[in-house]
Amino acid sequence: MGWVLVQDRVSIGFVCLFMMLWSVGGIGVNWGTQSTHRLPPGTIVRLLRDNGFQRVKLFDAEYDTLKALGNTGIEVMVGIPNDMLATVGGNMKAAEKWVAKNVTQHITSNNVNIRYVAVGNEPFLETYNGSYLGITFPALRNIQAALVKAGHNNQVKVTVPLNADVYSSSSELPSDGDFRADIHEVMLTIVNFLSVSAAPFTVNIYPFISLYADPNFPVEYAFFDGNASPINDGGVSYTNMFDANLDTLAHALQKNGFADLPIIVGEIGWPTDGDRNANIEYARRFNQGFMSHISGGRGTPMRPGPIDAYLFSLIDEDAKSIAPGNFERHWGIFTYDGLPKYPLNLGTTNSGALVRANGVQYLQKKWCVMKPSARLDDPSIAPSVNYACSSADCTSLGYGSSCGNLDSRGNISYAFNSYFQQNNQLDEACKFPNVSMITKTDPTPTVGNCRFNIMIQPYYGFGYAQKPSGLISFLLLILVLVL
Ligand SMILES: *[C@@H]1O[C@H](CO)[C@@H](O)[C@H](O)[C@H]1NC(C)=O
Ligand SMILES: *[C@@H]1O[C@H](CO)[C@@H](O)[C@H](O)[C@H]1NC(C)=O
Ligand SMILES: *[C@@H]1O[C@H](CO)[C@@H](O)[C@H](O)[C@H]1NC(C)=O
Ligand SMILES: *[C@@H]1O[C@H](CO)[C@@H](O)[C@H](O)[C@H]1NC(C)=O
């Protein structure tokens with residue numbers, strides 16, 4: 001025990017020094033790539049720089065993405081997807097290869113400022129049924145050993161981005177926080193390993209999800225305006241969920257002997273569409289409120305001082321699974337084509353305003369819509385809309401969403417257009433039997449936030465090809481309807 005205590009003190013001292021040297025300040029951002037059409041990495045890196053982001057978090061380690069970040073000085077967290085945990089956790093050689101290819105090569109040849117490796121992404125989510133429970137720690141251990149062996153351990157730290165559902169409070173008070181009972185042991189193993197490795201705990205915190213999941217959740221408590229009725233925890237007053245949630249983790253760590261383990265907020269943000277609480281107004285209020293809340297290094301009652309956080313996320317991703325909800329494709333502070341959705345002062349640029357992506361290449365100015373002559377009771381409408389929406393993105397059409405007020409014709413046109421754009425405006429993708437046509441008149445309504453998109457040019461990157469998904473089954477659909 002004595003050794004552990006000394007060891008802990010040494011690492012705590014080192015961790016504090018490390019965090020002071022490492023925290024260059026400024027907000028970070030998550031850059032996800034689950035889109036049917038991606039902006040080229042060079043365009044995104046310019047977007048990051050123009051907006052003053054000094055830190056970026058990735059979910060994998062794609063070559064082109066990392067190369068584009070070379071020579072920028074931007075601090076990078078690279079990621080190991082959950083489906084690779086078994087490989088790197090089961091085999092030391094695989095972990096060494098991963099580090100050689102996805103860390104060493106980029107540091108030495110491309111001058112990428114890699115600072116963290118995220119081992120897995122929320123691997124203990126209850127929806128994964130424990131699939132990654134046994135393999136996350138071995139992966140963490142192997143990657144850390146590979147980083148040490150390659151001589152990166154002073155520059156590159158390991159961490160495991162975890163959802164805030166890995167801990168909870170037995171009451172509503174942060175001071176009753178502890179790790180989830182079913183994963184308590186593995187959490188302590190991981191936390192101890194992070195502590196000994198002078199590495200941080202990374203947590204994703206989502207007040208929006210609490211509001212989405214619980215209609216009785218007090219709305220004001222999700223935001224930072226201090227309007228919620230406070231929760232009194234032994235004299236400490238909490239008026240927003242973020243502080244209470246982060247401090248629940250801080251208490252859980254303290255209770256288990258890790259009071260000083262640094263905490264990084266790996267994801268925080270608010271979506272703009274796909275739910276009645278997902279809109280521009282709330283997203284701006286939350287993100288701006290968060291920026292003001294952490295500015296000046298105030299921190300939380302348990303963790304006063306600067307907070308390292310990564311906004312979720314940079315840009316919308318239209319190919320994300322909507323199993324969690326329709327909002328899932330709308331977390332960006334920028335649209336899919338790099339336009340700011342709302343004014344947001346990140347405190348990083350002189351103007352205090354978001355800067356749009358530069359030089360974005362669009363497809364032609366044309367849309368696919370429902371033919372004016374087509375009848376709403378045409379029997380091919382329903383299967384056509386279902387087909388279009390099963391592959392394209394109709395998440396803005398639901399109740400309370402940006403295009404939720406379209407009339408039936410507008411609604412049908414939106415679905416057709418989404419499919420047409422996703423398939424790079426191919427003529428064949430606007431041949432819903434007798435009910436669709438291509439137009440050069442923008443069908444976007446003049447009022448409201450509903451937008452009939454024009455897709456961006458596909459990016460054919462290294463090892464990446466955009467295929468017109470589902471076009472063959474679309475042709476089959478036409479055949480079935482015609483016969
Ligand atoms: C490096 O990362 C990429 C992207 O995540 C992955 O596909 C690849 O398998 C990794 N390389 C090695 C050698 O593990
Ligand atoms: C988890 O279990 C449920 C119920 O047994 C199942 O429906 C679901 O597909 C499982 N999810 C995963 C990721 O294995
Ligand atoms: C529009 O489409 C969505 C999704 O297909 C559907 O849920 C909604 O009821 C439709 N609304 C109208 C007015 O047709
Ligand atoms: C489309 O319209 C043509 C001519 O009006 C008609 O002959 C054909 O049966 C229609 N096809 C479908 C699938 O409704």
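Values below: all heavy atoms of this structure, side chains included; hydrogens, waters and symmetry mates excluded. Counting starts at 1 for both ligands and their atoms, following the listed order. Since this is a predicted model, take the numbers as computed values, not measurements.
For the side chain to side chain contact (heavy atoms under 4.5 Å, CB included) criterion with Tyr167, the lone passing option out of Ile183, Leu162, Asp178, Leu249 is Leu249. Of the residues Phe327, Trp270, Phe217, Trp331, the one that meets the ring pair (Phe, Tyr, Trp, His ring centres under 6.0 Å) test with Tyr206 is Trp331.
In this structure, ligand 1 sits under 4.0 Å from heavy atoms belonging to Asp60, Ala61, Met84, Lys97, Trp98, Lys101, Asn102.
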Residue pair Arg329, Asp273: steps toward the salt bridge (Lys or Arg N to Asp or Glu O under 4.0 Å) verdict: CA-CA 8 Å; Arg329 294 176 179 163; Asp273 209 352; over 6 Å; no
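Comment: Glu317 does not engage Arg38 in a salt bridge, judged by the lack of any side-chain N to carboxylate O separation of less than 4.0 angstrom. A salt bridge does not link Arg356 to Asp337: none of the charged side-chain nitrogens sits closer than 4.0 Å to a carboxylate oxygen.
Asn240 places a side-chain N or O within donor-acceptor distance of the main-chain N or O of Phe242, the cut-off being under 3.5 Å.
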